[in-house]
Structures are given as structure tokens and as C-alpha cells.
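Have a look at the structure below before the remarks.
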Amino acid sequence: MPSEPNVVLVTGASSGFGLLAAIGLAKRGCHVFAGVRSPDREALVHESASAAGTAVRTVRLDVTDARQIEQAVGDVLAAAGRIDVLVNNAGFGMGGFFEDITDEELRRQFDTNFFGLAAVTRAVLPGMRIRRSGRVINISSIAGRIAQPALSAYSASKFALEGLSESLRLELMLYGIDVVLIEPGTYKTDIWGRNRGFAQRAQDPSSPYYAMSQRLTTIVDRMVEKVGRDPAEVGELICRVATMTRRPRMRYTTGPNVRLELAMRRFIPEKLYEAGARRILRKLFADA
Ligand SMILES: NC(=O)c1ccc[n+]([C@@H]2O[C@H](COP(=O)([O-])OP(=O)(O)OC[C@H]3O[C@@H](n4cnc5c(N)ncnc54)[C@H](OP(=O)(O)O)[C@@H]3O)[C@@H](O)[C@H]2O)c1
């Protein structure tokens, strides 16, 4: 990393982890460009930064829009000359049992969480490669390591991101570019509220999964309320990884019970794990 302030581009910086990371990094002296897709959320980003005693610059960036990616990355390079750190944070979750999810909905999930991220990364990498320095931080999820029912689209997109990141980390090692995965568990952000995606058919009473979807929605809401943590924890982790001088690890996992869940998945034999899962699912959906 260079000795001058880091130039950082954060995608999905209009709420949740992205906004917290953008503000946290600006407070640490970084030159932050906050990618915001909806113009009506720009003011909120500036107000939040100003309330925290700092400032960020916003760039218009919907990661599914190739022209906006080119324009946003071009604008950052024109203004700051380089991008030292890219935080690929933009994402959302498409819930629903697989049979209820249309191809179009599945593609929409991948367009943001995977192809959008890949396109932004591809636009930023040439500069990092030429300078032989840079860091790409991909916000994955515990769902990218362990899949849950009714989250196949989201999990598939995050598993794909995990594979992309592992490969890219090795490809870019010799160019001095770090690729890092951050894998949060459940945190209270808008991903569970205004940005929550549902397969349309999951809300259709004629779907054979309707009752289970309804039950699951209640369970998830309760779970987020009960165990969901403060997103500031992830914002802080992103800031730490973005600014550390030593080489970051490949993965940073954080959140309620995530280490225990990973250890159970790893060490409990498959048959035993599935027997436990079957018992839990039977109990949850007994009368659904
Ligand atoms: N919260 C959790 O429990 C949790 C756990 C594991 C992983 N994650 C991951 O963390 C990341 C951030 O999510 P969050 O929890 O902070 O949720 P959030 O508050 O809903 O933030 C998501 C951000 O992504 C933006 N976004 C969505 N689609 C976009 C697109 N096509 N182009 C550009 N921006 C887009 C949203 O913009 P708008 O404001 O315009 O909607 C928003 O700024 C996501 O990748 C998510 O998968 C979250």
C-alpha cells in the first residue's frame, strides 16, 4: 500500500456495511468514493458522513450497469489517479424455495452479487496490476460457506463469489494485489428490510411451498431480531482489512455463532449433520 492516503471505492455505500465502511475509512484518512445507485440516497450518505465528522465523495454506481461502472471507475481515476482498495459490497438476498424461483429471479441475484462484482473488479484491476499494488475486498457471507433452505439463489451467488475470489487471489499474488473475503453472519441492516428480495411465487398461496415460506419468514424475522448484531462490527472489520499494512488473510468470518457453525459443518460427519438438519426442519415445518 502507498504511503499517501489510500484511495478506496466502496460499492453499495448507501446503507448497511457499505455506508459504515465508507465513513469509517474516511475517518481513518482515506480518500473514499462511495458508490451509490439511487440518486435519492446520495444526500443521506453525505449527511451521515458529515454527522460523523468526515466527508466522502459519491459516484453513481449500479453494479449491473456496464456504462455506470465504466463512468464511475473513470471518474475516480480522473479525480484521484488510482484506486488502492476496492470494497465489493453491493448485494441483496433473494429468498424463496428453489421451485418458486424463476430463472429471471435467479439471474437477477447473480447479476448483482456475482456478475456485477466481477465487472467492477475487472474495471479496477488494470490500474492495480500496472502499479503492482492493490486490495480487493469481497463481501461474501456465511451463506457462501454453508447453504440454508430457501436461500439457494443467494447461497449459490455467494458460493460462486468464494470460488472467484480464491482463484483471483492466486492469480494476483505475483502482482502484489490482495484478494480478501469477508464472511458475515446475521447483522441488522436493510438487507432484511427494504432490500429484502423474495421470489414472487413464494407469496402465492397456490405454491406448494407457500406455507413453509410464510413460516420461514416469521422464523427469520425473529432470528434477525434475536441474534442479529450491530453492523458497525462489520464496518469496522472492513476498515481494518482495508488499511492493514501486513498482508491480509484470505478469509475473515464474523457474526453470531459463525465459527461454531463452520466448525460443525467441517467436523461433524455428513450423515450426522443431515440427520440433525432433518430433525430441525421437521420440527420447524411440522404443520406447515
Ligand atoms: N446484513 C447481513 O446479515 C449480511 C450477512 C452476510 C452478508 N451480507 C452482505 O453484505 C453486503 C451488504 O449488505 P448489507 O447487509 O449492508 O445490506 P443493505 O443495507 O441492504 O446494503 C446493500 C447495499 O447494496 C446496494 N445495492 C444493491 N443492489 C445494488 C446494485 N445492483 N448496484 C449497486 N448497489 C446495489 C444497496 O443500494 P440501495 O440503497 O440503493 O438499495 C445498498 O447500498 C451484501 O453483499 C450482503 O450480501 C450481509
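Both counts, for ligands and for their atoms, begin at 1 and track the order of listing.
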Can you list the residues that meet the side-chain hydrogen bond (donor to acceptor under 3.5 Å, both in side chains) rule with Glu171, with sequence neighbours excluded?
none
Determine, considering heavy atoms only, which of Ile191, Leu161, Asn88 sits nearest to atom 46 (C) of ligand 1.
Ile191
Lys158 and ligand 1 - part of the residue with a heavy-atom distance under 4.0 Å:
side chain
If a pair satisfies ring pair (Phe, Tyr, Trp, His ring centres under 6.0 Å) and one of its residues is in residues 26-49, list it, with sequence neighbours excluded.
His31-Phe33
Starting from atom 18 (P) of ligand 1, what is the nearest protein heavy atom, named by residue and atom, and what distance separates them?
Ser15 OG, 3.4 Å
Is Lys27 atom NZ crowded by more than 12 heavy atoms from other residues, nucleotides or ligands, each under 6.0 Å away?
no
Say whether, by atom type as modelled, one donor and one acceptor occur between the side chain of Tyr252 and the main chain of Arg249 under 3.5 angstrom.
yes
Can you list the atoms of ligand 1 that are under 4.0 Å from a heavy atom of Gly16?
16 (O), 19 (O)
N or O pair under 3.5 Å between Asn113 and ligand 1
no
OG/Ser213 to CG/Asp100 distance, rounded to the nearest 0.5 angstrom?
5.5 Å
Under 4.0 Å between heavy atoms, the region of Arg41 that gets near ligand 1 turns out to be side chain
With heavy atoms under 4.0 Å as the rule, classify the contact between Asn89 and ligand 1 as side chain, backbone, both or neither.
both
For the 3.5 Å polar cut-off, considering only N or O atoms, please tell me whether Ser14 and ligand 1 meet it.
yes
Residue and atom name of the nearest protein heavy atom (relative to atom 47 (O) of ligand 1), distance in Å to one decimal:
Tyr154 OH, 2.6 Å
Check: Ser157 side chain, Tyr154 main-chain N or O, donor-acceptor pair, under 3.5 Å
yes
Approximate separation, where rounding is to 0.5 Å, of Gln109 CD and Lys158 NZ
8.0 Å
Atom 25 (C) of ligand 1: nearest protein contact (heavy atom, Å):
Gly12 CA, 3.7 Å
Filtering Val36, Asp62, Val224 for the heavy atom nearest atom 30 (C) of ligand 1 leaves Asp62
Pairing donors with acceptors under 3.5 angstrom, does anything connect the side chains of Asn88 and Asn138?
yes
Sub-3.5 Å N/O-N/O distance, Pro184 and ligand 1:
no
Protein contact of atom 34 (N) of ligand 1 - nearest heavy atom, named by residue and atom, plus distance
Ala90 CB, 3.4 Å
In this structure, does ligand 1 have an atom that sits under 4.0 Å from one of the heavy atoms of Thr186?
yes
Would you call the rings of Tyr209 and Phe97 parallel, tilted or perpendicular if under 30° counts as parallel and over 60° as perpendicular?
parallel
Any idea which protein heavy atom is nearest atom 20 (O) of ligand 1, and the distance to it?
Asn195 ND2, 2.7 Å
What verdict does the side-chain contact (heavy atoms from CB on, under 4.5 Å) test give for Met128 and Val136, after you've listed the backbone C-alpha separation in whole Å, the side-chain angles of each residue and the deciding distance to 0.1 Å?
CA-CA 10 Å; Met128 291 185 173; Val136 178; 4.1 Å; yes
If you measure every N or O of Gly18 against every N or O of ligand 1, does any of those distances drop under 3.5 Å?
no
Check: Phe92 N/O within less than 3.5 Å of ligand 1 N/O
no
Hey, are Asn89 and Thr11 close enough side-chain-wise for a donor-acceptor pair under 3.5 Å?
no
If you round to the nearest 0.5 Å, how far is CD1 of Ile137 from CD1 of Ile238?
7.0 Å
Atom 41 (O) of ligand 1: closest protein heavy atom, distance to 0.1 Å, is Arg37 NH2, 2.9 Å
Side chain, backbone, both or neither: the part of Ser140 lying under 4.0 Å from ligand 1 by heavy atom:
backbone
Below 4.0 angstrom from a heavy atom of Leu61, which ligand 1 atoms are there? Numbered from 1 as shown, please.
32 (N), 33 (C)
